[in-house]
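Comments concern the structure below.
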There are 2 protein chains.
Amino acid sequence: MHANVKHNVVPLITPGLKVACSQCNLRELCLPFGLSDEDMARLDNLIGGGRKLKRGQHLYRAGEAFESIFAVKAGFFKTDVLTEDGRDQVTGFQMAGEILGMDGISTEAHTCNAVALEDSEVCLIPFTELEMLSSEIHSLQHHLHKVMSREIVRDHGVMMLLGTMRAEERLAAFLLNLSQRFNARGYSPAEFHLRMTREEIGSYLGLKLETVSRAFSRFQDEGLISVQQKHIRILDIPRLKTLLAPPDGRLG
Amino acid sequence: MHANVKHNVVPLITPGLKVACSQCNLRELCLPFGLSDEDMARLDNLIGGGRKLKRGQHLYRAGEAFESIFAVKAGFFKTDVLTEDGRDQVTGFQMAGEILGMDGISTEAHTCNAVALEDSEVCLIPFTELEMLSSEIHSLQHHLHKVMSREIVRDHGVMMLLGTMRAEERLAAFLLNLSQRFNARGYSPAEFHLRMTREEIGSYLGLKLETVSRAFSRFQDEGLISVQQKHIRILDIPRLKTLLAPPDGRLG
DNA sequence: GTAGCCCTTTGATATTTATCAATGCAACTT
DNA sequence: AAGTTGCATTGATAAATATCAAAGGGCTAC
């Protein structure tokens, strides 16, 4: 009775196998998107072996030298930024097929922490080698740029969320985003298991954990979702979506 | 009596001249950073002529086809995202030497609007050509990646601001950020002219314009700054910085 | 030069979210 | 199996910010 329930075809994870983009079920979501077989073989060649992490382990920490980016092969991560004065902001949650570590390129050092929220596995992509290969393979270069750009666009979405939405709107947006991403990976969009705590959700959404908890309870009372600890079932996706679009709209 | 007052050497703008990275005073802040003379000449060659914009004009709009990124040569811009339901979030303010438009790479269409907040000039950098050239010039490729990564890091900083700071902290961070960027361009870090309205500041900071106005007034009452409409003079930078670091610290 | 408009400021009040506190639940350990 | 610990829920209250409203100031355009 545990989420996530597979609801259709795509077999997702083949744990224990040697990393190889050409064999990976995530290739359409990940860096090798659109490469020819030949080019994919060259990419395979530069990608370092996979690395497994236990829940709670850091993939990298702020300040560490930047050498690679990472593709999530299985599992679930959070990234967060910590300032000297003790502020802590979760900047994202990453799942299979998503790329981690691009923040480190600018300063040659990671600027945030990446932590596995469940037992996970990543592919290691040495960045200098990736740049070299992408000079030769135009579609790889372009796709890398798209991935980085997509991250910028995603960040703008988070700014929108933090800057303009109230607590329940933020949580609705968060749930719908997770739902859509699980769906894209062949999991149920309606029923899933949260890997993060209320506090981590709160940090991501700019809310306190109590506020997150209350919003969950309210959604449950209203029949939008059912919540049992970390197990979420979305009962009414359309109505959840309407929470994001104020009916009359502060359209000023 | 108008800001911004030049406080040292760097002559910044040479309006009317043909764009040429090799002649540009911004080259150390901008894309050609670190290129040899020869490579810079090649970059010169691909950069389309400059484009001038009057205050209020759009450089691009969300939905338009993406073809180029832009380097701000002179002036001041804002970028904002608008959703169907009427939410409006300013995602950044850009000044000389900064790059605009990288959000458009991922979908081949711009995802936000860029508007000149004063009469401005940009260099047009056709992206396909830039990719081709950067395949050949490794340092250009790497610097482009750094610029994109820097944008991601900047966005994380904004998330931190929106997610963890209260109104006065946000405004202090905003002013200190502007101060530092003006300083880096040879302008006074203590005295400058805001190009944006209180509402635009508020949108960027996730606050209502009245809250921004009150925070300005409070800072003035406390002798931290002097405000006269859009003219800002920072009187006590160190004390403004302490506003960002809560003395005891919510260091939980 | 002047009228009009937009921007800004300030006050009073309402709303939202945080804080403080206590209890309950569940998984993990021993 | 019981105890421990961390996580989640819920309630009462406080604090922060938004909203509504009105008036003043400065810039722009005519």
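Everything quoted here is computed from the prediction, not taken from an experiment.
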(request) Could you tell me whether B:T197 contacts a base, only the sugar-phosphate backbone, or nothing, with contacts defined as non-hydrogen atoms closer than 4.0 Å? (result) sugar-phosphate
(request) Return the value, rounded to whole Å, for the distance between atom CD of B:Q220 and atom P of C:dT9. (result) 9 Å
(message) Counting only side-chain nitrogens and oxygens, does A:K230 get under 4.0 Å of the OP1 or OP2 atom of C:dA26?
(response) no
(message) What is the distance, to the nearest angstrom, from the CG atom on A:L162 to the P atom on C:dT17?
(response) 13 Å
(request) Give A:L207 one of three labels, base, sugar-phosphate or nothing, depending on what nucleic acid heavy atoms sit under 4.0 Å from its own. (result) sugar-phosphate
(message) How many whole angstroms separate atom CZ of B:R218 from atom P of C:dG11?
(response) 12 Å
(message) With nearest nucleotide decided by heavy atoms, which residue, A:V212 or B:V227, maps closer to the 5′ end of DNA chain C?
(response) B:V227
(message) Strictly below 4.0 Å: does B:K208 bring a side-chain N or O up to OP1 or OP2 of D:dT19?
(response) yes
(request) Report the residue (B:M196 or A:M165) whose heavy-atom-nearest nucleotide on DNA chain C is the more 5′ of the two. (result) B:M196
(request) Let me know which of B:K230, B:K78, B:R195 forms a salt bridge (Lys or Arg N to Asp or Glu O under 4.0 Å) with B:E118. (result) B:R195
(message) Using ring centroids (six-membered ring only for Trp), state whether A:Y60 and A:F70 fall under 6.0 Å.
(response) yes
(request) Tell me which nucleotide among D:dA12, C:dT17, C:dA12 gets nearest to the side chain of B:R214. (result) C:dA12
(message) Checking the side chain of B:S120 only, and the main-chain atoms of B:L53 only, is there a donor and an acceptor separated by less than 3.5 Å?
(response) no
(request) Could you please name the option among C:dT17, D:dA8, C:dT8 that lies closest to any side-chain atom of A:R166? (result) C:dT17
(message) Between B:Y204 and B:F93, is the ring centroid distance below 6.0 Å?
(response) yes
(message) Can you see if the side chain of B:S213 gets near the phosphate of C:dT8 - specifically, an N or O under 4.0 Å from OP1 or OP2?
(response) no
(message) Counting the atoms with a prime plus P, OP1 and OP2 as sugar-phosphate, which does A:R170 contact under 4.0 Å by heavy atoms, base, sugar-phosphate, or nothing?
(response) nothing
(request) For the side chain of A:S217, starting at C-beta, report the closest nucleotide among D:dT19, D:dT10, D:dT28. (result) D:dT10
(request) Specify the separation, in whole Å, of atom CZ of B:R195 and atom P of C:dC6. (result) 23 Å
(request) Choose from C:dT10, D:dA8, C:dT9 the nucleotide whose nearest atom is closest to any side-chain atom of B:L209. (result) C:dT9
(message) Rounding to an integer number of Å, can you tell me how far A:I201 CD1 sits from D:dC7 P?
(response) 13 Å
(request) Write down the distance between CD (B:Q228) and C1' (D:dG24), rounded to a whole number of angstrom. (result) 14 Å
(request) Determine, stepwise, if the pair B:K54 / B:D119 fulfils salt bridge (charged side-chain N to carboxylate O under 4.0 Å, His left out). (result) CA-CA 4 Å; B:K54 287 279 172 202; B:D119 294 358; 3.5 Å; yes
(request) In whole angstrom, give the distance that lies between atom CZ of B:R198 and atom P of D:dG25. (result) 16 Å
(request) Examine distances only and state if a side-chain atom of A:R185 and a backbone atom of A:L29 form a donor-acceptor pair shorter than 3.5 Å. (result) no
(request) Classify the nucleic acid contact of B:E210 as base, sugar-phosphate or nothing, counting any heavy atom under 4.0 Å across all strands shown. (result) base
(message) Please report the distance, rounded to the nearest Å, between CZ in A:F219 and P in D:dA8.
(response) 17 Å
(message) Under 4.0 Å, heavy atoms only, any strand: does A:G206 hit a base, just the sugar-phosphate, or nothing?
(response) sugar-phosphate
(message) Of the listed nucleotides (D:dA8, D:dG26, C:dT10), which one gets closest to any side-chain atom of B:Q229?
(response) D:dG26
